[in-house]
Protein chains: 4
Amino acid sequence: MKTDVTSIVEDPDLVEKRRHQIVVAATQLFSEQGFYKTTIKDIAKKAGVSAGLVYLYVREKEDVLLLVLLQVVEAYAREIPKAMENFTDPLERLMRAVEAYCRVVDGHRAATVLAYRSTKSLSPDRRELIQQRETETNDIIANAIVACMKAGLIRKLNVDVLTYQLVLVAHGWALKSWYFKSRLTLEEYIVDSLDILLAGVLTPVGQLHRAELRDRDARNDLGPRNSRA
Amino acid sequence: MKTDVTSIVEDPDLVEKRRHQIVVAATQLFSEQGFYKTTIKDIAKKAGVSAGLVYLYVREKEDVLLLVLLQVVEAYAREIPKAMENFTDPLERLMRAVEAYCRVVDGHRAATVLAYRSTKSLSPDRRELIQQRETETNDIIANAIVACMKAGLIRKLNVDVLTYQLVLVAHGWALKSWYFKSRLTLEEYIVDSLDILLAGVLTPVGQLHRAELRDRDARNDLGPRNSRA
Amino acid sequence: MKTDVTSIVEDPDLVEKRRHQIVVAATQLFSEQGFYKTTIKDIAKKAGVSAGLVYLYVREKEDVLLLVLLQVVEAYAREIPKAMENFTDPLERLMRAVEAYCRVVDGHRAATVLAYRSTKSLSPDRRELIQQRETETNDIIANAIVACMKAGLIRKLNVDVLTYQLVLVAHGWALKSWYFKSRLTLEEYIVDSLDILLAGVLTPVGQLHRAELRDRDARNDLGPRNSRA
Amino acid sequence: MKTDVTSIVEDPDLVEKRRHQIVVAATQLFSEQGFYKTTIKDIAKKAGVSAGLVYLYVREKEDVLLLVLLQVVEAYAREIPKAMENFTDPLERLMRAVEAYCRVVDGHRAATVLAYRSTKSLSPDRRELIQQRETETNDIIANAIVACMKAGLIRKLNVDVLTYQLVLVAHGWALKSWYFKSRLTLEEYIVDSLDILLAGVLTPVGQLHRAELRDRDARNDLGPRNSRA
DNA sequence: CATGAATGAGATTTCATTCAT
DNA sequence: AATGAATGAAATCTCATTCAT
C-alpha cells in the first residue's frame, strides 16, 4: 500500500490531503489531454495551489502519474475482495468479483483508460510497480475461477485465458465507453457479458447452480447485493 | 485509403516511398518510447533522411502518428475481409474473421498497443478518423455475428457486447502480450478464446454445426487454413 | 569587527551563538559545494535549525557568505599581529608574521580558498568590505618589510611586490594544497619559501643578522616559538 | 588539445567559429558576474545568437565554462614553450618562461581569475582535465628550474616550492590586478618579481651568468625579445 | 523566537518547425 | 528535393524568501 513517492513535507495528514488534491486534478487533466500535454502548472492551477507546491509532495512529474495510476490499481485491490468477502459460494464469489471489477472501473473510467495509455510513460521500475499490482488483482479472479473449477462448476479450460477475458470485460467498459455509453447501461453490460462468458464455461452442474442462485435472488426482495451463500 | 495528410512533394511514387520509410521508423520508435519521447530527429535518423525532409511529406509531427495508426487500422480492414472471402458458411466466416483479426494484431502488436496508447494524442478530427475505421472493422465482425444468428447458429444476445468481446480477444493478445507470451502460443490463445466464447453463444444447432466443421477439417490433410465451406 | 549584517533578533548573545552555528555549517558547505550549489536549507539542516530561522539572523543568503568571509579575514587581522607582538627585532617580526599568516591559512584552508572563489559573488559593497580588510592585513606585512628596510636588513626594492609575494606564499598553501599536501609539511613549506624569498631580498647585513637569529634559536631549547629578541 | 565537449553540428569550421563566439561572450560575462549569475540567454545575447543555438555546440552550461577555462590553460601550454624555443641557455629559458607566463596571464587576466574562482564549479572529471593541463604547464617551469640547477646556476632547493612561487608570480598579476594596476606596469612587475626570486636562488656562478646576460642584452639594440643564447 | 509549508520568479534544456543554401 | 543549422516557445524543476502558526 505504501508508495516510494517521497515528500519533503513531514506531516502525513497534510501529505495525504495535498496529494489527494493533486491526484484529483491530475487524473482529470491527464485523461482529457494526456500526460505530456498536461503541465505541472495546469495541475497546480486546477488543484488550487502553486506550481512549486507540487514539488513538495512529489519528486518529478512522473511521480504524479504514478500516484494517479496507483490510486486505480489500489481501488481494484481494495474493492474486489470486499465485494466477495461475504460470500462463500464459489460461483457467486466469481460473479461478485467481476461485477465489482466493472463497478470500480466505472467509478474510475478515466483513470482506467489512462492506465492503458500511460503506463508506458513511466520509468521501468514504476511501471513494474503498477503491473505487479495489476497482476495481483488478476490473481483474485484467477483464484475464483480455480475454485469454481474444483467445485465442478466450470469445465477444465485455460485459466489464464478466461481470467483475461473477464478482466477485459471490466476494462472494456472503460476502454470502449465512447461506444457503449449510448447503447447500454452498466448493469446490462455486466449481465450480458457474464451471460456470454459463463454460458461458455459452466458445466451442466454449473448451469443448474447458476439457475438456483438466480431463483434465490428473485425470491428475495433484497436483490443480489445483499444475498448470502 | 485516402488520408488528409498532405505533402509538398508532387510525385506520388516518391511520396509513397518516403512516407513508408518514415512510418516504418516511426512505428518502431513510437512503440518503444511513445509519441512524445520520440523526436522528429530520431525518426529521420532511423529512416536515413534529414529532419527537414520529414516536413516535405507531413505537415506536423502528429501527422506521422496519424500515418502510423492508419496503417494498422487499414491492415485490419484489408486482412479480415480477405480471410473471410472464400468462405460462405456463416460460422466459419465468423471464426475466420476472429482468427484473422488475431493474426493481424500479432503482426502489428506494437502498433496495436500504440493505437490504445496514442489515439488520444491526436487532434479530435484525426482521432475521429481512426475511430471510424475501427468501427468499420467492428462492423465486419458484428455482421458475421448477425449472419450466424439469422442462421440459428448463435442465440439471441446483445450483438454489441459479443462484438466487443471478440474484438477484445484480438486486441488482448497485443495488450497483454507481456503476460501471455510466456504462457501460450497465438494458436492456443485463439482456440481457447473461441472455445470459451462460442460455447457460450452457440445454439444447440450451432454446437452441432461447429462439431461438423471440426470433423471436416480433421478429415482433410489440408488443415483449417485451406478448407472450404 | 562590526558588520553591517543586521539581525531581527535583539539578544546579542543569541545572535552571536546562532550566527556561529550558521557560519560553521556554511563554511563547510560552501567549501565543498560552492556558494550557489549550497542552499539555505542545506545550511539550516547542517546547523540543526530551520530554514526560516536563518532569516532571523541574516537578511539574504549573500549575508551568510559575507559572514563566512569576514571570519577568515578577521582571523588574519587578529592572529598575525598577535604572533608579532612579543618581538621587536624587525626581521624576526617579519618572519613571525609570514609564519603566522601561513598557519592561519592552514587553519582556515577551506575558507581561504573560498575567499578566492567567492568574493566576487558578493555585491560590490560587501566585496569592498572584504578587500579592505585584506588590504589591512597586507599593510601589516608591508610595514614589517619597510621596518626591515629602514634597519638596513632588506635591500631597496618594490615593497608592494614583495608584500604580495609573501602573501601569496601564505595563500598558496591553501590554493595549491591539492598539490602540496602529498609532498611537503607546512613547516617545510614555510622554511623553504622564506629561504628563497629572504635570500633574495636581504642585504649582506640582513643575511648576517638572520644567521644570528638562527644560531640563537638553535642554542635555546625553547625553539623559535618562544624566543625573544 | 581535443576536448570531449561534443557538438551536434558536424561542420568543424562552423563549430570552431560558433564556439569562439560563445567563449568570447562567456568569458566576459563569467568574469563580470560569475558562472552562476550568468545565464545562457545572457551569453547567447552577447554572442548575437539564440539561446537554443548554444546547445547545438555544447551539451550543458558547464561545458561552456570548460571551454572557457580550456582556452586559458591551453594558451599557457602553447605560449610558454614558444617563448622558450629559440633559447638554449638554461637561465635564459627559465626567465623567458616566467616572462611569457606573465604575458599570457595578462592577455587572459579575466579568464585566469575565473580559473581560480570557478574550477570547482566543474564536475570532477572536467575539473581534473583542467588541473592536469595546469600541472603540465607547471612541469615546464619545473624542468627549466632543474636544468638551471644541473648547470650549477641555481642552488639546491625544493623545486616544487620554487615552481609554485614562480607560478604564483604569474597568476598573482591577474589575481591582484585590482591592487597592482594603479602602481606598476606589467614589465616592472616581471622585473621586480624575478629580481627578488632569482636573487634568492641563484648560486654565485648563476649571479655572474645573469649579469652577463643582462650586459649582452644591453649591448644589443635588439632588446631581450630577440636575443640568442 | 522558531518552524516549515507555501510561493513564484527564473534558469536550464528540449525540440517542433522554418528556411537559406 | 534535400539538408541541417537556427530559432524561440514552452516545460520542468529549484530555491530564496515570506508568513501564518
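In this text, all values refer to a predicted model and were calculated from it rather than measured experimentally. Naming: A, B, ... by sequence-line order, numbering from 1 per chain.
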Whichever of C/Glu10 and B/Ala51 has its nearest DNA chain E nucleotide further upstream toward 5' = C/Glu10
Mapping C/Lys41 and C/Ile8 to their closest nucleotides on DNA chain E, which lands nearer the 5' end?
-> C/Ile8
Taking for each residue the nucleotide of DNA chain F bearing the nearest heavy atom, is the 5' side occupied by C/Gly52 or by C/Lys37?
->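 Comparing both residues, the 5'-ward one is C/Lys37.
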Between [N] atom [atom2] and [X] atom [atom1], what is the distance in whole Å?
| X | N | atom1 | atom2 | result |
| --- | --- | --- | --- | --- |
| B/Ile40 | F/dG4 | CD1 | C1' | 14 Å |
| A/Arg19 | E/dA5 | CZ | C1' | 15 Å |
| D/Phe30 | E/dA11 | CZ | C1' | 13 Å |
| A/Glu60 | F/dA11 | CD | P | 18 Å |
| C/Tyr36 | F/dC15 | OH | C1' | 13 Å |
| C/Leu29 | F/dC15 | CG | C1' | 15 Å |
| D/Arg59 | E/dT12 | CZ | C1' | 14 Å |
| C/Leu65 | F/dA16 | CG | C1' | 15 Å |

For a quick check of understanding: with a heavy-atom distance under 4.0 Å over all strands, which category does [X] fall into, base, sugar-phosphate or nothing?
| X | result |
| --- | --- |
| D/Tyr57 | sugar-phosphate |
| C/Asp11 | sugar-phosphate |
| B/Thr38 | sugar-phosphate |
| C/Glu62 | nothing |

So which nucleotide from [options] ends up closest to the side chain of [X]?
| X | options | value |
| --- | --- | --- |
| C/Leu53 | E/dA2, F/dA2, F/dT12 | E/dA2 |
| A/Val49 | F/dT3, E/dT7, E/dT13 | E/dT7 |
| C/Thr39 | F/dT7, F/dA16, E/dT3 | F/dA16 |
| D/Leu14 | E/dC1, E/dA6, F/dA5 | F/dA5 |
| C/Ser50 | E/dA6, E/dA2, F/dT12 | E/dA2 |
| C/Val9 | F/dA1, E/dC1, F/dC13 | E/dC1 |
| A/Leu56 | E/dT17, F/dT17, E/dA5 | E/dA5 |

Quick one: does D/Ser7's side chain have a donor or acceptor within less than 3.5 Å of a partner on D/Leu56's backbone?
-> yes
Donor-acceptor contact present, side-chain B/Ser50 to main-chain B/Leu53, <3.5 Å |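 Judged by distance alone, yes, a pair lies under 3.5 Å.
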[atom1]/[X]: more than 12 non-hydrogen atoms of other groups inside 6.0 Å:
| X | atom1 | result |
| --- | --- | --- |
| A/Glu32 | CD | yes |
| A/Lys37 | NZ | yes |
| B/Gln33 | CD | yes |

Cation-pi check, A/Lys61 to A/Phe35: give yes when NZ or CZ is under 6.0 Å from the six-membered ring centre and within 45° of the ring axis, no otherwise.
->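 Flagged: A/Lys61 positioned over aromatic ring of A/Phe35.
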For F/dA2, does OP1 or OP2 lie under 4.0 Å from any side-chain N or O of B/Arg18?
->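 Yes, within the criterion.
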Under 4.0 Å between a side-chain N or O of A/Tyr55 and OP1 or OP2 of F/dT14?
-> no
Under a 3.5 Å cut-off for both distances, is E/dA16 Watson-Crick or wobble paired, and to whom?
->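 Across all strands, the one nucleotide that pairs with E/dA16 is F/dT7.
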Partner of F/dT21 by Watson-Crick or G-U wobble geometry, both contacts under 3.5 Å, or none?
-> E/dA2
